[in-house]
Amino acid sequence: MDFSSPNVAKPMHVGHIRSTGIGDALQRVLRMLGHRVITDNHLGDWGTQFGKLLVGWKQRLNRANLAKAPMTELERLYREIHFGAETSATDLEVAAQQIEQLRLSHSSALLVWEEAMQLSSAAFTNRFTGDALKMLTEPAERALGLLAGSGLVDRERFATEREKLLADLASLVDFARQANPPLLEQARTELVKLQSGDPENLSIWREMTRLSQAQFDTIYGRLGVRFDHTLGESFYNPQLGSVVESLLARGIARESEGAVAVFSDGSLPPKEDPFLVNRDGAWVAEPALIRKSDGGFNYMTTDLATIEYRLKTWSPDEIIYVVDDRQAPHFRKLFLTFRRWQPEAAQRVQLRHIGFGKILGDDGKPYKTRSGDTIKLADLLDEAEERALRVVTTKRPELDEQTRREIARVVGIGAVKYQDLLPNRQSDYTFSWDKMLALTGNTAPYLQYQFTRAYKVTRDGGVYDPDRFAKVIPTESAELALVKHLLNFGLTLDAVSEEARPNYLCNYLYELAGLFSRFYDQCQVLKSAEPVRTLRLALCDLTARVLKQGLAVLGIEAPEVM
RNA sequence: GCACCGGUAGCUCAAUUGGAUAGAGCUUCUGACUUCGGAUCAGAAGGUUGCAGGUUCGAGUCCUGCCCGGUGCACCA
């Protein structure tokens, strides 16, 4: 199973919970059903981005920031060089002029506000696009955030913020304008040096990887996710040349416009052929590139080498990729190419892409902060625990702080994971703190609470005799409904594994919790006479165990006390 | 333009893959507590499953054509 796969030198963000959570839940279900599972975190630790990162590291690195928040600093370096490299010379001139005008203009707190708004206005949108625009608007948005957060309009402070912001922007734009050779060229050079084994670049790359791994360890620790292997893209680097040679030798790939590419073999009708795309009524080639015209390799090549390695090393019956739905065309090409390349090996393995949709904010657009930043996973988990702590404190003020914090950790992390697993994975879903932490409805806290109730009864009720339990026939409708549902646990797990849909299990558990709650409400357990007492105690025990185990295979803990 | 994924109650989502009267939560209204921990339970209200055809004993689910939304369409992953 291949899932999570974050990029080195970037903070893990909210999007990673999908691949990580769904992948981890599926591998746990498969293991529980008796499959032998190998998990492999295919880190993005070797790609074009390192060219820009190396330029940034060598020329713009702030050691103090790196020590404080390494991922933030690495991200900043990448964004700065990316901005400088991808913005045209004329646009850089325009940016420099506009910044200079802003510096000369009179500033009041109100004007700072207006100027900040202008920075993100349509005027800029027309001139700059994508990351380049963000590069300029983010500091402005941050200034805005400070203004809003201060409560008062502190004129002094914002004049200072403004100066600093404009100075930073001007310095960056100047740096980009004066770069010689241009930044894009520098980045390419650094990348080629890295890929050909330059000792200095390799050592910087190792340092960036090391810093990233520390971040990954922390986050995976909090999420309770472990991998059997972490073989990143760099691991396959030595094989890439021979992969391309082999594909060329077998006539599967050929040279095209200086690159090496795999084209359609015509075995599929055009509509189903991922190597063809229709442009204005004509089917034209949409090849898979395995070597760029500059000699570099891309992720298709790495992915082919990865399949080959996995088959050789582990002989799996199946390789499952839990990756964003947008990459579906890539995986179709990858699987088809591999089948043509190594037909005998391909017959012994099923290759599956398990896709999923996006996480949206309540504005219906991809979930971001108010200022448009991507949300860092670490921050998200912090906030989940804080919010859960507030709820726990309201409900259980008598518990000591350490206990409340531990409950909040389990509830908060569980809520985030559960919300992500609950919707059909293919559709997008809307992120909502209020909904995921709600105490009623289909949420982790509700399931966890029902577990604590069932568990409490078994603790108070003591051991029961399974033989006696087996001889009592349930009579109450609430008992019968609960018994019948308990029996479906195994069928549900089968359905989850067959369709790779953890939400089936979520719905099963929610139904179980509801049926238990009805039963608990309508049927006295401990005060009932035997043999009914044993029957009901056993039902509580079974419910608690299924809830706990069900949550566990979703990667969610069940606290004994809430 | 072409392909893929969606469109289900006012809102957010289910529907174990072709089975019986399409289910939950939120919201609104009405009930149940000297409780086995009420972070609970019961009831009411809310639907032409985007539209139009078709296949079938039976369609939210499969087929065809439209409409709307999202995504993707060689040298980023």
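Sequence lines set the chain letters: A, B, ... in the order given, protein chains first and strands last, and positions in each chain run from 1.
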What is the nucleic acid contact for [X], judged by heavy atoms within less than 4.0 Å: base, sugar-phosphate only, or nothing?
X: A:N442; answer: nothing
X: A:K456; answer: base
X: A:S256; answer: base
X: A:E499; answer: base
X: A:D294; answer: nothing
X: A:P423; answer: sugar-phosphate
X: A:Q448; answer: nothing
X: A:E257; answer: base
X: A:D428; answer: sugar-phosphate
X: A:D325; answer: nothing
X: A:A328; answer: nothing
X: A:Y429; answer: sugar-phosphate

Query raised in the report: Can you check whether A:F356 and A:F3 have ring centres sitting under 6.0 Å from each other?
Result: no
Considering only [options], which nucleotide approaches the side chain of [X] most closely?
X: A:R518; options: B:rC41, B:rA39, B:rG1; value: B:rC41
X: A:P329; options: B:rA39, B:rC76, B:rG72; value: B:rG72
X: A:T48; options: B:rC76, B:rG25, B:rU12; value: B:rC76
X: A:Y504; options: B:rC26, B:rG37, B:rU17; value: B:rU17
X: A:E233; options: B:rG25, B:rA77, B:rC36; value: B:rA77
X: A:L526; options: B:rC36, B:rA39, B:rA14; value: B:rC36
X: A:Q450; options: B:rU12, B:rA77, B:rU40; value: B:rU40
X: A:S517; options: B:rC13, B:rU16, B:rC41; value: B:rC41
X: A:N424; options: B:rA14, B:rU40, B:rC2; value: B:rA14
X: A:T492; options: B:rA39, B:rU16, B:rA77; value: B:rU16

Query raised in the report: Do A:R188 and A:D294 sit within salt-bridge range, that is, some charged N less than 4.0 Å from a carboxylate O?
Result: no
Query raised in the report: What's the verdict on ring-ring contact (aromatic ring centres under 6.0 Å, His included) for A:Y504 and A:Y508, showing C-alpha distance, side-chain angles and the deciding distance?
Result: CA-CA 6 Å; A:Y504 289 170; A:Y508 170 83; over 10 Å; no
[X] has an atom [atom1]; how far is it from atom [atom2] of [N], in whole Å?
X: A:Y449; N: B:rA39; atom1: OH; atom2: P; value: 5 Å
X: A:E511; N: B:rA15; atom1: CD; atom2: C1'; value: 10 Å
X: A:I359; N: B:rU12; atom1: CD1; atom2: P; value: 17 Å
X: A:Y367; N: B:rG70; atom1: OH; atom2: P; value: 21 Å
X: A:I354; N: B:rC5; atom1: CD1; atom2: P; value: 14 Å
X: A:R396; N: B:rG37; atom1: CZ; atom2: P; value: 11 Å
X: A:Y236; N: B:rA77; atom1: OH; atom2: C1'; value: 16 Å
X: A:R326; N: B:rG72; atom1: CZ; atom2: C1'; value: 9 Å

Taking only N and O in the side chain of [X], is any of them less than 4.0 Å away from OP1 or OP2 of [N]?
X: A:T430; N: B:rC13; answer: yes
X: A:K271; N: B:rA3; answer: yes
X: A:N503; N: B:rU16; answer: no
X: A:Q426; N: B:rC5; answer: no
X: A:Y446; N: B:rC41; answer: yes
X: A:S427; N: B:rA14; answer: yes

Report task. Determine the interatomic distance between C1' on B:rC26 and the same-named atom on B:rG19; round to the nearest Å. Result -> 30 Å
Query raised in the report: Say you pick atom P in B:rG37 and the same atom in B:rC41; how far apart are they, in whole Å?
Result: 16 Å
Pairing check on [N]: which nucleotide meets the Watson-Crick or G-U wobble criteria with it, both distances under 3.5 Å?
N: B:rG31; result: B:rC41
N: B:rC4; result: B:rG70
N: B:rC62; result: B:rG54
N: B:rC11; result: B:rG25

**Report entry** Side-chain-base donor-acceptor pair under 3.5 Å for A:Y299 and B:rA77
**Finding:** yes
Report summary line: Base orientation of B:rU17, chi within 90° of 0 counted as syn, else anti, reads syn
Query raised in the report: Under 30°, 30 to 60°, or over 60°: which ring-plane class applies to A:F516 and A:F519, parallel, tilted or perpendicular?
Result: tilted
Query raised in the report: For A:R404 and A:E406, what are the C-alpha separation, side-chain angles and deciding distance, and is it a salt bridge (Lys or Arg N to Asp or Glu O under 4.0 Å)?
Result: CA-CA 5 Å; A:R404 278 183 283 124; A:E406 174 57 14; over 6 Å; no
Query raised in the report: So does A:R340 have more than 12 non-hydrogen atoms from other groups sitting under 6.0 Å from CZ?
Result: yes
Report summary line: Comparing A:R501 with A:C540, nearest RNA chain B nucleotide closer to 5' gives the residue A:R501
Query raised in the report: When the nearest nucleotide of RNA chain B is assigned to A:T452 and to A:G44 on a heavy-atom basis, which residue is associated with the more 5' position?
Result: A:T452
Report task. Check whether any side-chain N or O of A:E479 sits under 3.5 Å from a backbone N or O of A:T475 as a donor-acceptor pair, and report yes or no. Result -> yes
Report summary line: Tested for ring-ring contact (aromatic ring centres under 6.0 Å, His included) against A:H42, the lone hit among A:Y299, A:Y309, A:F227, A:Y236 is A:Y236
Query raised in the report: So which of A:E386, A:E385, A:E557 actually passes salt bridge (charged side-chain N to carboxylate O under 4.0 Å, His left out) with A:R409?
Result: A:E557
